Amino acid sequence: MNRRYLPMLLAAAMTLPGVAMAQDSQPRNTPRVVVTGEGETAIAPDMAIVSLAVMREAETARDALDANNEAMSAVIKAMKDAGIEQRDIQTAGLQINPRYVYPQNNSGEEQPRIVAYQVSNTLTVRVRDIATVGEVIDRSVTLGVNQGGNITFINDDPAAATTEARKRAVEDAMARARTLAEAAGVELGGILELSEQSFAPPPMPLGAKAYRMEAASDAVPVEAGENTYRVQVNVTFEIKQ
């Protein structure tokens with residue numbers, strides 16, 4: 001590097017940050033009002049996600065898997081016959097585990113021994129017709145499902161509900177800012193900053209204990225309730241001078 005330009009470069013390096021700081025400090029010194037607004041919308045869910053599992057036990061892993069395959073195949077066929085599309089049926093997990101008997105103090109055995117094998121196959125099913133959730137569960141239990149049963153109610157497309165909640169949050173923030181400005185005897189100017197946070201409803205699963213894993217003459221009673229979508233906005237207003 002040519003030494004003649006070194007003083008110029010050092011001067012530029014010292015000058016430019018100072019300009020940037022001067023530009024950044026101006027907005028922060030502007031009198032302002034900062035408010036947080038909230039809005040929410042509650043709508044009925046239009047879809048359920050059901051977790052169903054088949055567990056079978058046998059002396060060998062092969063026999064346990066064969067028995068499990070037979071039962072799960074019947075369950076999957078029943079789901080499709082009930083009008084559930086293949087895209088809404090997904091295998092969520094397959095486990096093969098030995099079952100041990102551990103030695104007791106007076107048994108004379110020194111090591112645990114395998115007495116059977118357990119095979120569990122879990123199926124996740126999207127039920128797009130809420131009215132049929134109880135029937136789907138009841139039919140699957142009749143065909144061999146004996147574990148699982150968690151149900152989560154969701155909305156396939158919550159965009160409209162979130163948009164409405166967003167509008168209500170902004171309206172709430174505007175009302176809060178006007179109240180504060182009126183009480184302080186000042187006049188609001190333009191918006192300096194605007195940000196949001198969206199909160200989807202947390203999963204509210206209906207636990208496996210909500211119904212008994214046995215065949216029943218009537219469909220399992222299920223209530224879907226409502227999902228609440230909430231939006232929070234942070235708005236910074238300038239105060240007119």
Side-chain angles (χ1 to χ4, degrees), residues 43-103 109 111-159 200-227 229:
I43 58 174
D46 55 18
M47 184 188 301
I49 299 178
V50 184
S51 176
L52 304 170
V54 172
M55 192 278 286
R56 291 292 183 270
E57 182 177 286
E59 291 184 0
T60 67
R62 177 75 264 172
D63 289 342
L65 181 62
D66 289 343
N68 192 292
N69 290 345
E70 181 179 357
M72 183 55 78
S73 296
V75 172
I76 294 175
K77 182 178 182 303
M79 298 295 102
K80 294 180 179 179
D81 291 343
I84 297 177
E85 299 182 25
Q86 184 172 351
R87 64 180 178 134
D88 292 330
I89 303 174
Q90 185 178 49
T91 298
L94 178 66
Q95 291 186 334
I96 303 174
N97 297 311
R99 183 166 67 84
Y100 292 91
V101 168
Y102 293 89
E109 295 180 327
Q111 299 294 331
R113 58 187 175 88
I114 298 174
V115 295
Y117 287 87
Q118 295 177 337
V119 175
S120 296
N121 192 343
T122 303
L123 200 67
T124 299
V125 181
R126 295 188 190 92
V127 183
R128 298 181 184 272
D129 183 359
I130 292 289
T132 64
V133 173
E135 179 183 348
V136 167
I137 295 174
D138 186 75
R139 190 170 184 180
S140 65
V141 172
T142 301
L143 292 172
V145 167
N146 55 0
Q147 287 186 346
N150 289 333
I151 308 173
T152 302
F153 293 104
I154 63 173
N155 294 93
D156 187 29
D157 185 8
M204 299 183 65
L206 178 65
K209 294 182 180 179
Y211 63 91
R212 298 178 63 188
M213 285 296 189
E214 59 185 25
S217 57
D218 298 324
V220 176
V222 173
E223 297 293 336
E226 286 186 332
N227 290 333
Y229 295 87

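Just so we're clear, the structure is a prediction, and the values are computed from it rather than from any experiment.
- At least one side-chain heavy atom of T91 sits under 4.5 Å from a side-chain heavy atom of L123.
- The two residues A53 and G148 come nearest to each other via the heavy atoms CB-N, 4.4 Å.
- Annotation: salt bridge (Lys or Arg N to Asp or Glu O under 4.0 Å) contacts of E135 (sequence neighbours excluded): none.
- Here I49 contributes atom CD1 and N150 contributes atom CG; the two are 11.5 Å apart, rounded to the nearest 0.5 Å.
- Taking OG of S140 as the reference point, atom CD1 of I76 lies at 11.5 Å (rounded to 0.5 Å).
- Nearest heavy atoms, A44 versus N155: O-ND2, 2.9 Å.
- Distance check, rounded to the nearest 0.5 Å: CE of M47 to CD1 of I154 gives 5.0 Å.
- At least one donor-acceptor pair under 3.5 Å links the side chain of D46 to the backbone N or O of D156.
- The stretch residues 120-132 participates, sequence neighbours left out, in these side chain to side chain donor-acceptor pair (under 3.5 Å) pairs: D88-R128.
- Closest approach of A58 to A64, counting heavy atoms only: CB-N, 3.4 Å.
- For the pair A48 and V133, the tightest heavy-atom approach, listed with the atom from each and the gap, is CB-CG2, 3.7 Å.
- Atom CG in N97 sits 10.5 Å away from atom CD1 in I114 (nearest 0.5 Å).
- At least one donor-acceptor pair under 3.5 Å links the side chain of N146 to the backbone N or O of M55.
- Using a 4.5 Å cut-off on side-chain heavy atoms (C-beta onward), I137 and I151 make contact.
- Residue pairs satisfying the side chain to side chain donor-acceptor pair (under 3.5 Å) criterion with at least one member in residues 76-85, sequence neighbours excluded, are listed as follows: K77-D81, E85-R87.
- Nearest heavy atom pair, residue A67 against residue R56, reads C-CG, 3.8 Å.
- Looking at V119 and L94, their side chains come closer than 4.5 Å, going by heavy atoms from C-beta outward.
- A74 approaches L143 most closely through the heavy-atom pair O-CD1, 3.6 Å.
- Not counting sequence neighbours, D157 has no partner by the salt bridge (Lys or Arg N to Asp or Glu O under 4.0 Å) test.
- In this structure R62 satisfies the salt bridge (Lys or Arg N to Asp or Glu O under 4.0 Å) test together with D66, sequence neighbours excluded.
- In this structure the side chain of F153 reaches within 4.5 angstrom of the side chain of I130, judged on heavy atoms.
- In this structure, N69 has no side-chain hydrogen bond (donor to acceptor under 3.5 Å, both in side chains) partners at least two apart in sequence or on a different chain.
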